[in-house]
Amino acid sequence: MATITKRSEDYSKWYQELVIKAGLAEPSEVRGCMIIKPYGFAIWEKIQAYLDRRFKETGHQNAYFPIFIPKSFFSKEAEHVEGFAKEAAVVTHYRLKNSPDGKGVIVDPEAKLEEEYIVRPTSETIIWNTYRNWIQSYRDLPILINQWANVVRWEMRTRLFLRTSEFLWQEGHTAHETADEALAEARQMLEVYREFAENLLAVPVIAGSKSPSERFAGAIETFTIEGLMQDGKALQMGTSHFLGQNFAKAFDVKFLNRDGKQEYVWATSWGVSTRLIGALIMTHSDDNGLVLPPKIAPLQVVIVPIYKKTEQLEQITEYVQPIIKGLRAKGITVKFDNDNNKTPGWKFNEYELKGVPVRIAVGPRDMKGRSVEIARRDTLEKKTYPVDNVAEIVDNLLVQIQNDIFQRALDYRQKHTYYVDSWEEFKQRIEEGGFVLAHWDGTDETEARIKELTKATIRVLPVEEIKEQGKDLLTGKLSERRVVFARAY
RNA sequence: CGGGGUGUAGCGCAGUCCGGUUAGCGCGCCUGCUUUGGGAGCAGGAGGUCCCGAGUUCGAAUCUCGGCACCCCGACCA
């Protein structure tokens with residue numbers, strides 16, 4: 001019997017078991033890397049499909065750059081190299097040969113590369129090195145490109161989806177004439193992410209800026225969307241960076257501007273990763289398994305037949321045909337699970353574990369009463385409905401579930417968001433978990449001190465500013481606005 | 001990279017302290033029959049380099065030494 005650890009017993013264990021038992025992913029033989037299984041990948045494909053459409057609607061095109069980046073590229077932007085040096089996978093050789101003792105193969109020492117390659121942890125450097133050749137005048141701008149790719153960051157400690165050594169993501173890299181235009185782009189993409197997180201994933205997020213110490217390596221400004229997980233920890237779900245002219249200067253990318261003068265190009269980059277699947281799980285799921293918002297669920301409706309004899313199964317099969325047809329006509333994905341080797345009870349539990357939003361059960365009782373039993377995954381509520389307009393009922397129900405799941409997550413976040421003005425209360429709230437809105441004097445030193453004392457970091461300076469006079473909790477210095485503190489993944 | 005823990009069937013574990021028949025148990029898997037409205041029952045069956053290497057011994061899953069891997073907790077990070 002596949003039961004999972006309760007969240008209240010061990011949240012981390014619950015998470016890992018859920019990922020594995022729901023069939024989303026599993027650890028691999030390669031340290032820190034995961035195997036994304038079909039069910040998990042189907043969720044990623046839904047994420048990709050939605051975002052890809054939004055990127056194109058906002059004027060971007062897809063392209064692809066090499067996975068290997070010459071080592072020298074990294075040294076060109078000082079902060080950037082510092083940010084990624086500690087977790088770089090390096091390619092040093094290009095050939096193997098049979099080992100002298102006849103057992104297996106060894107790296108051929110003769111085949112050492114002149115210059116090592118870094119397996120990309122992110123692609124700014126190779127892309128900006130390329131943009132140099134693409135840009136001569138303001139007429140070549142803007143360049144609006146996105147890449148779907150895998151990247152590698154050699155992390156010390158990994159967790160399925162949340163942090164793996166290799167992960168899948170998209171990275172947008174744009175080049176602009178002016179600072180204002182680049183900033184507007186970075187903000188626009190943040191808004192794309194926010195809308196996507198809330199509407200598709202049903203995960204409420206706070207959008208805003210990072211504090212200087214939390215910025216992307218090489219960025220002037222980093223925007224972020226931050227979610228609050230069920231254990232009270234924050235999760236960064238997407239970032240969008242205004243890179244200023246840093247990479248243009250590092251890679252000497254200039255253009256002739258409208259005044260006929262040479263100027264460095266302005267840049268942005270922005271990305272979200274397979275980590276989003278972790279956010280999805282930790283925001284909505286419960287002790288029975290996954291709870292998937294209908295818009296992201298690979299399978300939205302499952303029909304489970306309940307029968308004694310095979311003739312009964314045949315009758316049910318016929319009985320549900322119009323339902324299946326009706327649902328498909330509305331673009332709803334549906335599966336009729338007529339597997340004879342599993343009992344209905346087993347199937348109920350299995351589809352709850354997998355988070356299928358709606359389950360329809362059909363047995364002799366229903367056929368007699370011209371009805372079906374419809375159960376929703378989020379509330380586990382079951383109701384009987386007439387068979388005639390099931391498609392419409394389910395269609396509405398899916399919308400309802402999507403909204404309810406979002407609302408529930410929002411309620412949770414609001415219940416765990418605190419306005420705090422004293423150091424004692426701050427420590428206590430951080431310990432309990434949640435977002436803590438507090439005043440901050442704006443210095444790196446205070447931020448670092450708070451982190452040291454409480455493990456809390458500034459997650460975000462919200463776009464919708466909470467402007468008011470106040471005093472920093474620790475130093476008592478004046479502050480103009482509240483910022484969001486939390487412990488984070 | 002520091003502290004702790006664990007490696008025995010596909011998965012979860014017992015056995016290890018105190019060496020000794022043929023290495024067990026639960027789940028899963030296969031076959032058959034009966035079942036099917038919340039993880040079915042019975043019967044039969046398949047499945048093991050006991051993490052790797054060396055040593056001690058008549059004899060090692062068990063003791064000794066060395067190695068490797070993974071997990072958890074910290075520090076670092078999407």
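Chain A is the first sequence line, chain B the second, and so forth, proteins listed ahead of strands; every chain is numbered from 1.
Among the nucleotides B:rG38, B:rG39, B:rA78, the one closest to the side chain of A:Phe348 is B:rG38. Between B:rA75, B:rG37, B:rA78, one nucleotide has an atom nearer to the side chain of A:Arg365 than all others, and that is B:rG37. Considering only the side chain of A:Lys455, B:rA75 comes nearest among B:rG38, B:rC29, B:rA75. For A:Ala361, taking side-chain heavy atoms from C-beta onward, the closest of the listed nucleotides B:rC29, B:rU35, B:rG37 is B:rG37. Comparing B:rA78, B:rG37, B:rG38 by their nearest atom to the side chain of A:Arg275 picks out B:rA78. Closest approach to the A:Phe167 side chain among B:rA78, B:rC29, B:rU36 is made by B:rA78 (side chain taken as heavy atoms from C-beta onward). For A:Glu155, counting side-chain heavy atoms from C-beta on, the closest listed nucleotide (B:rU36, B:rG38, B:rC76) is B:rC76. Minimum atom distance to the side chain of A:Ser273 is reached by B:rA78, of the listed B:rA75, B:rA78, B:rG37. Distances from the side chain of A:Glu352 to the nucleotides B:rG38, B:rG37, B:rA78 place B:rG38 closest.
Between the CG atom of A:Asp10 and the P atom of B:rC72 there is a distance of 9 Å, given to the nearest Å. Atom CD in A:Glu26 sits about 15 Å away from atom P in B:rC70, given to the nearest Å. Per the geometry, NZ belonging to A:Lys308 stands 17 Å off P belonging to B:rG41, to the nearest Å. Distance NZ (A:Lys21) to C1' (B:rC27): 10 Å, rounded to an integer number of Å. Rounded to whole angstrom, the span from the NE2 atom of A:His80 across to the P atom of B:rA78 amounts to 12 Å. In this structure, CD1 of A:Ile4 is placed 16 Å from C1' of B:rC11, rounded to the nearest angstrom. Separating the CD atom of A:Glu373 from the P atom of B:rG38 is a distance of 9 Å, rounded to the nearest angstrom.
For A:Arg365, the side-chain hydrogen bond (donor to acceptor under 3.5 Å, both in side chains) test picks out no residue, with sequence neighbours left out.
For the C1' atoms, the distance linking B:rG28 with B:rC70 amounts to 23 Å, nearest Å.
Using a 4.0 Å cut-off, no side-chain N or O of A:Lys86 falls inside it from OP1 or OP2 of B:rC76. Side-chain nitrogen and oxygen atoms of A:Thr343 include at least one within less than 4.0 Å of the OP1 or OP2 phosphate oxygen of B:rA40. Under 4.0 angstrom from either OP1 or OP2 of B:rC72 there lies at least one side-chain N or O belonging to A:Gln16.
Mapping A:Ser12 and A:Tyr489 onto RNA chain B by nearest heavy atom places A:Ser12 closer to the 5' end of the strand. Looking at which nucleotide of RNA chain B each of A:Lys451 and A:Asn349 is closest to, the 5′-most match is held by A:Asn349.
Base pairing annotation: B:rC68 forms a Watson-Crick or G-U wobble pair with B:rG7, both donor-acceptor distances under 3.5 Å. Using Watson-Crick or G-U wobble geometry with both donor-acceptor distances under 3.5 Å, B:rG24 finds its partner in B:rC13. Base pairing analysis places B:rA40 opposite B:rU34; the two distances defining the Watson-Crick or G-U wobble pair are each below 3.5 Å. Across all strands shown, B:rG45 is found opposite B:rC29 as a Watson-Crick or G-U wobble partner, with both distances under 3.5 Å. The nucleotide B:rC63 finds its pairing partner in B:rG55, both defining distances of the Watson-Crick or G-U wobble pair being shorter than 3.5 Å.
Side-chain N/O atoms of A:Asp337 and A:Tyr351 include a donor and acceptor closer than 3.5 Å. For A:Thr122 and A:Arg120, the side-chain atoms include no donor-acceptor pair closer than 3.5 Å. A side-chain donor from one of A:Tyr489 and A:Asp231 sits under 3.5 Å from a side-chain acceptor of the other.
Residue A:Pro305 is out of contact with every strand shown, counting any heavy-atom pair closer than 4.0 Å. Using a 4.0 Å heavy-atom criterion, one finds that A:Phe216 contacts no nucleic acid atom at all. Counting non-hydrogen atoms under 4.0 angstrom, A:Leu162 reaches a base of the nucleic acid. Residue A:Arg159 is out of contact with every strand shown, counting any heavy-atom pair closer than 4.0 Å. Using a 4.0 Å heavy-atom criterion, one finds that A:Thr384 contacts no nucleic acid atom at all.
Below the 3.5 angstrom threshold, one finds a donor paired with an acceptor across the side chain of A:Lys382 and the base of B:rG38.
For A:Arg377 and A:Asp286, the salt-bridge test passes: some basic side-chain N is under 4.0 Å from an acidic carboxylate O.
Within a 6.0 Å radius of CD in A:Gln61, no more than 12 heavy atoms belonging to other residues, nucleotides or ligands are found.
Taking the six-membered ring wherever Trp is involved, the centroid distance between the rings of A:His60 and A:Trp270 falls below 6.0 Å.
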